[in-house]
Structures are given as structure tokens and as C-alpha cells.
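Lettering follows sequence order; numbering is per chain, from 1.
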Amino acid sequence: MDYNKLAELLFPHITKTPEDYEALYPERQLPEGAKVTRLGPSPTGFIHLGNLYGAFVDERLAHQSGGTFFLRIEDTDDKRYVEGAVEIIINSLRFFGINFDEGATMEGDMGSYGDYTQSNRGEIYQCFAKKLVSEGKAYPCFLTEDQIAEIRCQQEAMKLTPGIYCQFAKCRVLTYEQIEENIKAGMPYVIRLKSDGDMSLPEEQRRRIHVQDAIRGILDMPANDQDTVILKATGIPTYHFAHVVDDHLMRTTHVVRGAEWLPSLPIHVELFEKLGWEPPIYCHTAQLMKLDEEGNKRKLSKRKDPELSLDYYRNQGYHPAAVREYLLTILNSNFEEWRIANPDADIDEFEFTTEKMSTSGALFDLNKLNDISKDVLLKISAADLFDFLKNWAAEFKPEIMHMFDDRAYLEKILDIGRDGAKPRKDHIYAQQMVENISYFFDDMFKIEDSFPAEVEAAGDTAAILTKYLETYDHSDDQETWFNKIRAITEELGYAVKPKDFKRNPDQYKGHVGHVSTVIRVALMGRQQSPDVWEIQQILGEERTRERLSRFI
RNA sequence: GGCUCCAUGGUCAAGCGGUCAAGACACCGCCCUUUCACGGCGGUAACUCGGGUUCGAUUCCCGAUGGAGUCACCA
């Protein structure tokens, strides 16, 4: 068989050579140790936390080392394409602080290693497929779907590994004339890799590959033995081929991808070998998991877990800094420790390493995210919090935009109890914050909690509020204000010190806490809130008196 | 089913042959306190099992079990 002739028959329109492309995309001129990473999403327009998790690794690796991080659109499956997906991907990631140096953008490509959209790279893939054919390392395969299914049936009956390989790769043995005839007859065909794997050998004698993974150490697995499709009947490459060609030509140094790619790693290794290229360093990340209904761990799924969509977090109003902080704590086991030691350091000062990444899948933990978010938001100024909230509301809750009419008012609210050595940690995410402070706005104010049972039992609710209102002076300082409450407490037969009440519950109707709670419920509608005096100062005298009067 | 990956408390995790087996979140209790928080102190709770190797295994090897992933002209 004259493979060169076959290559010309198959790819008459390909005139460029591999050397042309090598010259077009030379080695990158980067500082020593600089890493080149890429994100290769398929344009389904859906990104979830798992994608962000991986993107974060790419971003850190590249930007920490003075390297390059680029975006490549992997749209070799036209069935998946969703209009506007590129925009969604870029914007979503940007929101969470992930920015690309190179690659596809809304305005077209940026960078000199393009095209960055796989569907535009047809000729490149075909050029390298042609090279493989011309060297006898790949061949056209005319097997139909039915024929492949039949082969599979036979294999199952014989208890053999299913797939196209060795003697089952029937098109391997086609002569030039047969191929030419098939093509003339218009038969569709794919290009398959002619694998070196020999399934007739006993398992112990089959070749194994050893790949150094930056996260998992040395991977020892059987070499590929399948004649994997590299070019589909449409001339478009499969993921495997596109990955190898692109990451070589785009000079990617580190390929970060989920562990679900581990089983196909041998294919990629063989492809790199056959093409005569040095493979990149692989970083197979553990999957982010979720607990399913039966209580089992399972990989995050696009279809089943819409609440893990990135949009969900934007919707809820999680601050991007909090999400970043959370992701880093599950990404690098030493981050949490570092953060405790460096509470005020910029997150980018943390040295991220693949070695500190976990190899087992972590369960997504909302509790932890919330806890981290509290600390992160504490460090954000009221002014910035105001802007963040306003932007969020504009997008997701336009009906509350009036909250932002009085900037000084809202900023004071957001800052309640946040100063001092033991600041409050009330803020978690936008949605929750709005609910939390809603009583500051008359249209959202409502009585949500009941008055304390002790006071209700004694029938003192109105009495407490009446006396409180009578003695109320808006200009009182905090101490004077509280002394008045003490006076009311004593007067009505409640304990001024909660301890006294605890020791002698029979001697009092309740304690000062119960009295305060009455005021709290009347003013805020809830039993829980920050300091009452502080809130009254923000609420203003008029509103305070008005709310108290309602119960008299 | 074949292949691959993974295996320390409810969750995330330190550990890399000798530890009373860290820490964080969650939970519980106490303290502080005008409520709620915040904070402080304390507590419940773990090396999947079985064989080796070794003076000694959570740690190394093998096997089992369990969980996950993957077996496409999808990525």
C-alpha cells in the first residue's frame, strides 16, 4: 500500500504541510517556568461550579507563573452549540475574576495562536490526519453504525472487549483500489487511528504507559488498543484529535481537566507519540461531587443540578470574592491554614500548587461557603457592599431598587455592628442580606415573630411599649437609653439581670432580655436583630415612634 | 461486565513507619451578654475490612469491599 497516494486520495485539498503549521505557531517566548493553560468549554451556554473550579486552576497556574491563559471554543459537536454561548462563558467567568489573556472573545480572536474556535480549524486537523495516513498510522474506515453494532454483539458473545481494534478493524486491510472504489461510490467514512495495541497478547504482555500527572503522580495504565475515530465523516475531528493537535500547536504546557478524562488518556498518549510530539503536563482534577437523593456521592451534572449552575450563585447574590475564597479552600488543602495566618492578604498572594490538590472528589458544602462568605463580606466596605447589592438587585430583583435611593441610609444599615474587635457577621449573600435588613424599609416591614411568651403571659406588652414610648428621647446616648429600659424592667417586676431571673424564676415575670425583645419585635418585627439603640438612630425618631405606637 | 480513579469523624481535610491521629465547617454544652449574633472555652465524632513487609503500620505491598468515572462519528 502506498500511503502517500492514499493520503492524497483522501485529502486532495490539503496543500499545507505540518511544517507550515509548526512555523506558523512557533514556540512561545515566555519566561522560564511560565505555564500556558487553556479552558476548552463546549459552547452549550451552561457553566457550573465544576467548570469554574477547573478554570480557577488554569488561571492560577498561568498567572502565577507569568504565563498565558487562553480560551478555546470546543465546538466539534455541532449539536451542542447554543447561540451566545461564548459571551455567557466569558462574562460568567469574568464575574468570578477569571480573565483570559488570549483566545476567543466576543469581538473575535485575540492572540497569534488561533483560530481559537475548533470548527474553524478543519484544515489544520485534516492536515495532520493526512500526515498520519501518509505514514500508515491512520486509515479510512467505512463501517456503518449497523456493522459496528454487529461487531459489538459478536464481541459480547465472545466476552471480548468491545470496540474497533485488531481483527475487528476490518477496514485496516482494505486495498487502495477498494478504498478508491468506496469513495467513488460516495460511501461515508471516518478516519481511524491505527493503534499499536495488540489485544491478542495476554494481558501481562501488553504495553503499559506511565504518565506523570501533576496532581496524581505517576499514572500507570494499559496502552491504548482501540482504533479510535480521529476525524468524523464530516471531516470534523473528535475531541481526542482536536485536543492533541490544538494543545501542541497552541503550545499548551499544562492541560487541566476533570478526572473523567483519565480513561481516554492512553488514546491521547498514543496520538502524541504517533505525531512525534511531546505531550503536555496533565493535571487531572478531582470532580466536585454532590450528594444525591439516595445519599450517594456523585459527579456534578449539568442536567440534574441546576442549582450548581454559576448563574445560581449570581442569582442568590454570592459575592465573587467569596466564591473564589471557597473554591480555593477546597482546591488547595493548605489554603485555609494560610488564610488564618494571613487574614488580610490578597488572595492572589497565596501560592497555588497542583501538589496540594486533592485526588478524591470533594462534596460541595454550602455551609462552608456561607461561613467563608461571612468573613469575606466583613472585609468589604459598606460603600462597596452597596454597589454590589445595587448591581445585583438591578439584575435580579428590580422591585427593590428603591432601597438604593438613599445611599447614606443603606450604607449605615450595612455597617451596623461591623466595627470593633468582635464584628457581627450578618451578611452572607445578597438575597439573604436584603431579607435581613428589610425592616428598615416601611414597604417591606412586617411583624414576623411573636412577643416573648413570658411577657404575653403577664399581659405586659402594651404596658412596656407605653412606658418606653413615654420616656423615649431620641437624643439619649446608648447608656442613658439602656438605663431607661432597666427602670421599666424593674418597675414592672422583671429582673434587671438575667442571672437573677434564672436563679429565682418565681420572683420575677421575666428578665430584661424579655423586655428588650418586646421593643425589638415592635420595632423590627423580629426577635433577632443587631443593637436596638443603633437601629433606632438609623431608623430616625419619627419612624421609631410610629412603629411603637401601633401596639398601644 | 472490562478498564481507570478514589478510600481518615456528618462534611472538607492534615498526616507521608513510632502522634494521646491536627485544624476548619456543622452539631451539642458552658461562658460573655439587654435579644440575636460575634467571640472565648469545652464536648460528641474517624484511620472500610483481611492478609502480608516490619521491632512497629492510618502511613508501604497484595487482595476484598465500597464509592466514583469511563467504555460514541459527545465533550
Side-chain angles (χ1 to χ4, degrees), chain A residues 40-44 74-80 118 141 143-145 148 156 159-164 188-192 203 213 216 219-222 226 228-240 242-243 257-266 284 286-287 289 291 296-299 326 329-330 333-334 336-337 339-340 356 358-372 374 378 417-418 420-426 449 452 481-482 485-486 489 494 496-499 511-521 524 526-533:
Chain A
S42 67
T44 56
E74 310 211 334
D75 58 346
T76 54
D77 180 13
D78 44 6
K79 289 184 275 303
R80 286 196 181 200
Q118 289 183 333
C141 171
L143 255 27
T144 63
E145 231 176 284
I148 292 173
E156 273 168 19
K159 291 191 173 166
L160 292 172
T161 306
I164 304 300
Y189 64 92
V190 300
I191 303 294
R192 283 183 190 275
E203 206 175 316
D213 184 286
R216 291 160 192 270
L219 262 16
D220 172 12
M221 38 177 69
Q226 295 273 340
T228 311
V229 172
I230 58 172
L231 239 41
K232 306 178 201 176
T234 50
I236 292 171
T238 55
Y239 167 86
H240 307 113
H243 150 54
R257 40 143 76 150
E260 74 269 23
W261 288 107
L262 239 21
S264 52
L265 182 59
H284 288 97
Q287 293 296 89
M289 312 291 271
L291 225 47
N296 295 319
K297 265 189 179 184
R298 116 175 117 61
K299 179 185 152 190
Y326 170 69
T329 69
I330 55 176
S333 56
N334 53 333
E336 228 174 337
E337 206 175 300
R339 177 49 90 198
I340 291 169
K356 285 289 182 185
S358 172
T359 49
S360 54
L363 218 47
F364 175 75
D365 187 352
L366 195 62
N367 265 329
K368 192 88 178 182
L369 204 209
N370 285 158
D371 181 67
I372 288 170
K374 286 179 190 172
L378 196 56
R418 296 213 307 161
K422 294 177 182 179
R424 300 184 62 89
K425 295 182 180 177
D426 290 327
D449 293 341
W481 164 81
F482 186 60
I485 290 185
R486 282 206 175 103
T489 301
Y494 290 77
V496 173
K497 291 187 174 173
K499 267 185 186 163
H511 62 80
V512 67
H514 299 126
V515 175
S516 301
T517 303
V518 170
I519 298 166
R520 191 173 243 114
V521 171
M524 276 70 88
R526 343 184 150 161
Q527 296 204 173
Q528 301 174 13
S529 82
D531 182 69
V532 175
W533 181 82

Q | First of A:D531 and A:L219 reached from the 5' end of RNA chain B, by closest nucleotide | A | A:L219

**Q.** Position toward the 5' end of RNA chain B (nearest nucleotide), A:Q226 or A:P530
**A.** A:P530

Which of the following nucleotides, [options], is nearest to the side chain of [X]?
X: A:P222; options: B:rA75, B:rC38, B:rU4; answer: B:rU4
X: A:F482; options: B:rU34, B:rC5, B:rA37; answer: B:rU34
X: A:H240; options: B:rA75, B:rG15, B:rC25; answer: B:rA75
X: A:V190; options: B:rC73, B:rC5, B:rU11; answer: B:rC73
X: A:W261; options: B:rU4, B:rA75, B:rG23; answer: B:rA75
X: A:R216; options: B:rG23, B:rC5, B:rA13; answer: B:rC5
X: A:K425; options: B:rU4, B:rU70, B:rC38; answer: B:rC38
X: A:E260; options: B:rC36, B:rC6, B:rG69; answer: B:rG69
X: A:K422; options: B:rC74, B:rA26, B:rG39; answer: B:rG39
X: A:T517; options: B:rU34, B:rU35, B:rC25; answer: B:rU35

Kindly say if [X] contacts the phosphate of [N], meaning a side-chain N or O under 4.0 Å from OP1 or OP2.
X: A:T76; N: B:rA75; value: yes
X: A:T238; N: B:rC73; value: no
X: A:K374; N: B:rA37; value: no
X: A:K232; N: B:rA72; value: no
X: A:S358; N: B:rA13; value: yes

Q | Quiz item: A:K368 side-chain donor-acceptor pair to B:rA24 base, under 3.5 Å | A |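 Such a pair exists between side chain and base.
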
Q) Does the base of B:rC36 carry an N or O that pairs as donor and acceptor with the side chain of A:R424 under 3.5 Å? A)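 Between B:rC36 and A:R424, which were checked side chain against base, a qualifying N/O pair under 3.5 Å is present.
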
Distance between [atom1] atoms of [N] and [M] (Å, rounded):
N: B:rC30; M: B:rA14; atom1: C1'; value: 29 Å
N: B:rU48; M: B:rC6; atom1: C1'; value: 13 Å
N: B:rG43; M: B:rU54; atom1: P; value: 40 Å
N: B:rC62; M: B:rA46; atom1: P; value: 29 Å
N: B:rC31; M: B:rA21; atom1: P; value: 31 Å
N: B:rC61; M: B:rC74; atom1: P; value: 39 Å
N: B:rA13; M: B:rA72; atom1: C1'; value: 38 Å
N: B:rC36; M: B:rU44; atom1: C1'; value: 26 Å

Hunt down the Watson-Crick or G-U wobble partner of [N], both distances under 3.5 Å, from any strand shown, or write none.
N: B:rC47; answer: none
N: B:rC12; answer: B:rG23
N: B:rC60; answer: B:rG52
N: B:rC74; answer: none
N: B:rG39; answer: B:rC31
N: B:rC3; answer: B:rG69

Applying a 4.0 Å non-hydrogen cut-off, can you work out what [X] is touching in the nucleic acid: base, sugar-phosphate, or nothing?
X: A:T359; answer: sugar-phosphate
X: A:Q527; answer: base
X: A:V229; answer: sugar-phosphate
X: A:W481; answer: base
X: A:L143; answer: base

Rounded to whole angstrom units, what separation is found between the [atom1] atom of [X] and the [atom2] atom of [N]?
X: A:D365; N: B:rG9; atom1: CG; atom2: C1'; result: 14 Å
X: A:L363; N: B:rG67; atom1: CG; atom2: C1'; result: 12 Å
X: A:H284; N: B:rG69; atom1: NE2; atom2: P; result: 16 Å

Q: Decide if the gap between the ring center of A:H240 and the ring center of A:H243 is smaller than 6.0 angstrom.
A: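 No, the ring centres sit 6.0 Å or more apart.
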
Nearest 0.5 Å, please: how far is [atom2] in [Y] from [atom1] in [X]?
X: A:K374; Y: A:D426; atom1: NZ; atom2: CG; answer: 8.5 Å
X: A:K368; Y: A:I330; atom1: NZ; atom2: CD1; answer: 10.5 Å
X: A:K425; Y: A:K422; atom1: NZ; atom2: NZ; answer: 12.0 Å
X: A:R520; Y: A:R526; atom1: CZ; atom2: CZ; answer: 11.5 Å

Q.
Can you tell me which residue among A:N367, A:L363, A:L369 is in a side chain to side chain contact (heavy atoms under 4.5 Å, CB included) with A:D365?
A. A:N367

Q: Going by the side chain to side chain contact (heavy atoms under 4.5 Å, CB included) test, name the single residue among A:P498, A:P452, A:S516 that passes it with A:H511.
A: A:P498

Q.
For A:W261 and A:Y239, take the angle between the two ring planes, folded into 0 to 90°, and tell me which bin it lands in: parallel under 30, tilted 30 to 60, perpendicular over 60.
A.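 Aromatic pair A:W261/A:Y239 classed parallel.
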
Q. Can we say A:K356 and A:E337 salt-bridge, meaning some charged N sits less than 4.0 Å from an Asp/Glu carboxylate O?
A.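 Looking at A:K356 and A:E337, the cut-off is not met.
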
**Q.** Ring-on-base stacking B:rC74 with A:Y239 (under 5.5 Å, under 30°)
**A.**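 Not stacked by the 5.5 Å and 30° rule.
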
